[in-house]
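In what follows, every chain begins at residue 1, and chains take the letters A, B, ... in the order their sequences are listed. We use all heavy atoms of the structure for the numbers below, so side chains are in, but hydrogens, waters and symmetry mates are not.
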Number of protein chains: 2
Amino acid sequence: MTQARTVNADQMKAAIAEAGLRPTRPRAALIDQMAAWATAGTDFTCEELWHSAQASAPWIGRSTTFRTVELLADLGFLDRVTFADGSERYHVVQPGSHHHHLTCEMCHRVVEIDICLPAEVLETVQRSSGFALTGHRLELFGRCSDCQRHTVPVIDSVDAE
Amino acid sequence: MTQARTVNADQMKAAIAEAGLRPTRPRAALIDQMAAWATAGTDFTCEELWHSAQASAPWIGRSTTFRTVELLADLGFLDRVTFADGSERYHVVQPGSHHHHLTCEMCHRVVEIDICLPAEVLETVQRSSGFALTGHRLELFGRCSDCQRHTVPVIDSVDAE
DNA sequence: ACAAAGATGATACTCAGTATCAATAGCCGA
DNA sequence: TCGGCTATTGATACTGAGTATCATCTTTGT
Ligand SMILES: [Zn+2]
Ligand SMILES: [Zn+2]
Ligand SMILES: [Zn+2]
Ligand SMILES: [Zn+2]
């Protein structure tokens, strides 16, 4: 029931320091942007992150953006979220937390859900398949309460909202 | 319990005819290759399909391969399977059948499993989120019985096997 | 302040997938 | 069977996301 507070910039910066990596200006700028989005519950792509970061830090290179996203993903702060149309975007999460995402196929809102496959189901699979399970990926799709009020067809682009 | 027989080429060709589309030579060749892989339980990418088809039909264009895969996917004969490393490949399935995939992260073997999220879990999510659920995507990862015997690290490429 | 190692950013490149379009091949009616 | 209509094809050029390279710039420890 403990509502985990949104990941903030300092947590990510601290993790970088703990990993023995350097606290550089580009990393800080990119992390600040990601943290802002995290609080707003907004997901993003590398390209979007790059463009947004350039508003306040035009000197940041595209490569660095990709590198930083990969780094944060490795540190466990970024999850790839899959949408109904198959597109994938990044989402800031608490490292180590196991949860899944429910995305609105109309407005692309992302909600973290803490349900998972029941252990017994995993047991069954493991027994009947002979596989040793090591992980899974679960994404739920639907229409959020707001979007249920409209009759508009499902959108393709992410520019909505 | 009825073990669904593997999808064969004729089923796919019939579906194309029923959709009012034309039974062309490239489509036939590509479908034959996919059907062969279906029986063998092999998954593939568009690029792989193209190369393989060229052995027996060097005149097939790359574009046509992409178009045919898209067509078959629309007709429900192809599922995108996700692997532990994030790569995605196609897998022939019975159209309309709801199931999920379990992939071996060492040899990339794909197994269809018929378990799913329990209805009550979906109910819970629906109630607590306010979303109207429209679908989901579930992929399980593990090591198949064969690969459990080895201690080799997880592979990256698909060329194994 | 200095050298070593880490990190950066410009550039060029790869790779999967898409767009275009003239040429081809099924289909159907005469 | 013929001829025209249209779906389909395949060559080509293009896009966009991500990667590789490498000289230059920073951070850090001494
Ligand atoms: Zn919505
Ligand atoms: Zn889970
Ligand atoms: Zn295996
Ligand atoms: Zn399911």
Can you measure A:Glu88 atom CD to C:dG17 atom P for me and round it to whole angstrom units? 13 Å

Length of the NE2-P vector between A:His51 and D:dG18, whole Å: 13 Å

Rounded to whole Å, CD of A:Glu48 lies from C1' of D:dG18 at a distance of 15 Å

Are B:Arg27 and D:dT8 close enough that a side-chain N or O sits under 4.0 Å from OP1 or OP2? yes

Taking atom types as they are modelled, is there a donor-acceptor pair under 3.5 Å from the base of D:dG18 to the side chain of A:Arg67? no

Residue whose nearest DNA chain C nucleotide is more 5′ - B:Thr45 or A:Arg25: A:Arg25

Please report, rounded to the nearest Å, how far the C1' atom of D:dT21 is from the CZ atom of A:Phe66. 16 Å

Per A:Pro26 side chain, nearest of listed nucleotides C:dG9, D:dG18, D:dT27: C:dG9

Reckon A:Thr24 has a side-chain N or O less than 4.0 Å from the OP1 or OP2 of C:dT8? yes

Among the nucleotides C:dA25, D:dT28, C:dA16, whichever has the atom closest to the side chain of A:Arg22 is D:dT28

Just by modelled atom types, is the A:Asp43 backbone N or O under 3.5 Å from a matching donor or acceptor in the A:Arg89 side chain? yes

Verdict with reasoning, A:Met12 to A:Val7, per side-chain contact (heavy atoms from CB on, under 4.5 Å): CA-CA 8 Å; A:Met12 299 194 252; A:Val7 175; 3.9 Å; yes

Sidechain N-carboxylate O distance under 4.0 Å for A:Arg137, B:Glu88: no

Among D:dG10, C:dG9, C:dA16, which nucleotide has an atom closest to any side-chain atom of B:Trp59? D:dG10

Among D:dT8, C:dA7, C:dT8, which nucleotide has an atom closest to any side-chain atom of A:Leu21? C:dA7

Closest to the A:Cys46 side chain, choosing from C:dG9, C:dG17, D:dG18: D:dG18

Whole-Å distance between D:dG18 C1' and A:Phe44 CZ? 16 Å

What nucleotide among C:dG9, D:dT28, C:dG17 has an atom nearest to a side-chain atom of A:Pro23? D:dT28

Nearest-angstrom distance from the residue atom CG of A:Leu71 to P of C:dG6: 14 Å

Separation of C:dA7 P from A:Asp74 CG (nearest whole Å): 13 Å

In terms of relative ring orientation, are A:His98 and A:His136 parallel, tilted or perpendicular, with 30° and 60° separating the classes? perpendicular

Ignoring hydrogens and angles, tell me if any N or O in the side chain of B:Thr42 forms a donor-acceptor pair with the backbone of B:Ala38 under 3.5 Å. no

Do A:Ser63 and C:dA10 share a donor-acceptor pair, side chain to base, under 3.5 Å? yes

Rounded distance (Å) that lies between atom P of C:dG6 and atom CD1 of A:Ile16: 16 Å

I want to check one thing: is the phosphate of C:dA10, taken as OP1 and OP2, less than 4.0 Å away from some side-chain N or O of A:Arg62? no

